[in-house]
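What follows is a single structure, written as structure tokens, with notes after it.
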Protein chains: 2
Amino acid sequence: MSTHPALTRNQSLVLKALDRADGPLSAYTILDRLRDEGFRAPLQVYRALDKLQEFGLVHRLESISAFVACARPDCHGHEMIAFAICQTCGRVDEFSDEAVQESLSAWVSANRFMPAKTTIEISGNCAACAELTEKA
Amino acid sequence: MSTHPALTRNQSLVLKALDRADGPLSAYTILDRLRDEGFRAPLQVYRALDKLQEFGLVHRLESISAFVACARPDCHGHEMIAFAICQTCGRVDEFSDEAVQESLSAWVSANRFMPAKTTIEISGNCAACAELTEKA
DNA sequence: TGTTAAATGTTATGACATTACATATCGTTG
DNA sequence: CAACGATATGTAATGTCATAACATTTAACA
């Protein structure tokens, strides 16, 4: 668990950019934020992101084509993780639910499917934003 | 449940293209397959896809940016649906699992999140393809 | 039939991601 | 240390996915 090679310069920079952000970032936004560090091309970002995902330090949110730093500092396994994404404020909640995990595992075994990556994303409005919109 | 306006010409053509396909199609692939019917621009496809998704007749697979016809002919609600996507043969299994649904609903209520759309996709190898690769 | 909403056609552009190839860095081993 | 291979980087070009903006047509219906 939780072990990965030391990060290279590019990987560290990309991870720091995601850590500093208060929400998910697109690869091109990361690129823009790292221009001053010498970043020039999308590939520099995508390559770093690939490795960081491999290490479990970053997650890709498929439904919005964006990336977030893993919320659980020292738990970089590859378990099943779910995300709640607020369409209004952009805030993302990362959570891991045993019950969801078991239910999906059950289907997977029953169908002899060999899972490689599982995506669970709930888009909607977070508690705070939902409250605001229903007052309108 | 299961009621929607009559489909327009473009909507019917796009749905038929997806029905004929034996797996998910990208919007541009659909466009290519409908050239002979007079399709010229991506927007014609995307507009039809938007409506078809609204009607529950088509699903978008976020993790592969592709579209499939709904597998359950007469059940076009907007329940929580999960997909198992084979990376090898492209086959997609659509399923609805009560337990998964309840587990996620529990998290959602506990966190007062207002869900709009839920994405559940398992990428990997289907039983048939898994068998082949492990023999190698 | 005139009016309005929905759907369509078309061009251009924006947003996301990868291929291909050259160069550099670093650890290993002879 | 030098030669090698593996990994990381730099850069340009291109490929793929999706939408904005605007003109026109069709359909619903008072």
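Chain letters run A, B, ... following the sequence lines, proteins first and then strands; every chain starts at 1.
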* To do: Quantify the bending of the helix from C:dT1-D:dA30 to C:dG30-D:dC1 as the angle between its end axes, each fitted on five pairs, to 10°.
  =>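 Terminal axis comparison yields 30°.
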
Collect all protein-nucleotide pairs involving nucleotides 9-12 of chain C in which both atoms are nitrogen or oxygen and the distance is under 3.5 Å.
| from | atom 1 | to | atom 2 | distance (Å) |
| --- | --- | --- | --- | --- |
| C:dG9 | OP2 | B:Asn10 | ND2 | 3.0 |
| C:dG9 | OP2 | B:Gln44 | NE2 | 2.4 |
| C:dG9 | N7 | B:Arg47 | NH2 | 2.4 |
| C:dG9 | O6 | B:Arg47 | NH1 | 3.2 |
| C:dG9 | O6 | B:Arg47 | NH2 | 3.2 |

In this structure, how many angstroms lie between the [atom2] atom of [N] and the [atom1] atom of [X], rounded?
X	N	atom1	atom2	value
A:Ile64	C:dA15	CD1	P	15 Å
A:Leu61	C:dA15	CG	P	19 Å
A:Leu49	D:dA8	CG	C1'	15 Å
B:Lys51	C:dA6	NZ	C1'	8 Å
A:Leu34	D:dT11	CG	P	15 Å
A:Phe55	D:dT7	CZ	C1'	11 Å
B:Glu62	D:dA18	CD	C1'	13 Å
B:Leu7	C:dT8	CG	C1'	16 Å

Determine whether a donor-acceptor pair (N or O, by modelled atom type, separation under 3.5 Å) exists between the side chain of [X] and the backbone of [Y].
X	Y	answer
B:Thr29	B:Leu25	no
B:Glu102	B:Ala99	no
B:Gln11	B:Thr8	yes
B:Glu121	A:Thr119	no
B:Arg33	B:Ala17	no

* Heavy-atom distance under 4.5 Å between the side chains of A:Thr118 and A:Ile81, does that happen here? ->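 Not touching, per the 4.5 Å side-chain cut-off.
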
* Asked: OP1 or OP2 of C:dA17 less than 4.0 angstrom from a side-chain nitrogen or oxygen of A:Tyr46, does that happen here?
  ->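 Yes, A:Tyr46 has a side-chain N/O under 4.0 Å of OP1/OP2 on C:dA17.
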
* Would you say D:dT26 has OP1 or OP2 under 4.0 Å from some side-chain N or O of B:Thr8? ->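 B:Thr8 to D:dT26 OP1/OP2: no side-chain N or O under 4.0 Å.
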
For a quick check under 3.5 Å, do [X] and [Y] share a side-chain donor-acceptor pair by atom type?
X	Y	answer
A:Ser103	B:Asp97	no
A:His59	A:Glu94	yes
A:Ser96	A:Glu79	no

* **Neighbour count above 12 (heavy atom, 6.0 Å) for B:Arg60 CZ** =>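 Yes, CZ of B:Arg60 has more than 12 neighbouring heavy atoms, counting only those of other groups under 6.0 Å.
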
* Asked: In terms of ring plane angle, is the pair A:His4 and A:Phe55 parallel, tilted or perpendicular, where the classes change at 30° and 60°?
  ->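 The arrangement is parallel - the two ring planes meet at less than 30°.
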
* Which parts of residues 13-32 of chain A get close to DNA chain C, meaning a heavy atom less than 4.0 angstrom away? ->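 Under 4.0 Å from DNA chain C: A:Ser26, A:Tyr28.
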
